[in-house]
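Please read these numbers as outputs of a predicted model, since none were measured by experiment.
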Amino acid sequence: MLFLVVFLIGLLIPFLLIKVKPSWIVWVPSFVLFIAAIFIYGKSAFFPGEGMADLAERLYFIIFGLIAIGSIVGALIVHFFRK
């Protein structure tokens with residue numbers, strides 16, 4: 001249930017930017033969240049934490065990844081909605 005809510009939050013982010021004139025602006029949250037997910041994964045892989053801290057970093061990676069995927073899907077919907 002948590003992951004569905006996180007995905008839906010990511011899906012709604014591009015719809016908040018639908019009225020902005022440049023069409024590329026809806027892709028910016030997707031790109032930023034994707035870079036954040038890669039950064040968190042790199043930190044988790046190269047500088048692992050102790051026990052539960054490592055688990056929390058992997059959970060943050062999953063959450064940012066799901067928000068990025070939801071944002072990409074939302075940006076695709078907005079892109080096709082504008083056309």
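One hydrophobic cluster holds both Ile18 and Phe80 under the rule that ILVMFWY side chains link at heavy-atom gaps under 4.5 Å. Taken together through direct or relayed side-chain contacts under 4.5 Å among Ile, Leu, Val, Met, Phe, Trp and Tyr, Ile67 and Phe3 form part of one hydrophobic cluster. Both Leu8 and Phe81 are assigned to one and the same hydrophobic cluster, defined by single-linkage of ILVMFWY side chains at heavy-atom distances under 4.5 Å. Leu2 and Ile62 fall within a single hydrophobic cluster, where Ile, Leu, Val, Met, Phe, Trp and Tyr side chains are chained together by heavy-atom contacts under 4.5 Å. Residue Ile40 is grouped with residue Val6 when hydrophobic side chains (ILVMFWY) are merged at heavy-atom distances under 4.5 angstrom, including chains of intermediate members.
Between the OH atom of Tyr41 and the CD atom of Glu57 there is a distance of 12.0 Å, given to the nearest 0.5 Å.
Residue-environment remark: CZ (Phe61) exceeds the threshold of 12 foreign heavy atoms within 6.0 Å.
Residues Val78 and Leu17 form no side-chain contact, since every pair of their non-hydrogen atoms from C-beta on lies 4.5 Å or further apart. Leu55 is not listed as a side-chain neighbour of Leu59, based on a closest heavy-atom distance of 4.5 Å or more.
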Distance-only criterion, 3.5 Å: show the donor-acceptor pairs between side-chain atoms of residues 20-36 and protein atoms not counting sequence neighbours.
from, atom 1, to, atom 2, distance (Å)
Ser30, OG, Ser71, O, 3.2
Ser30, OG, Ser71, OG, 2.9
Ser30, OG, Ile72, N, 3.4

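The shortest non-hydrogen separation linking Ile77 to Phe15 is CG2-CZ, 3.5 Å.
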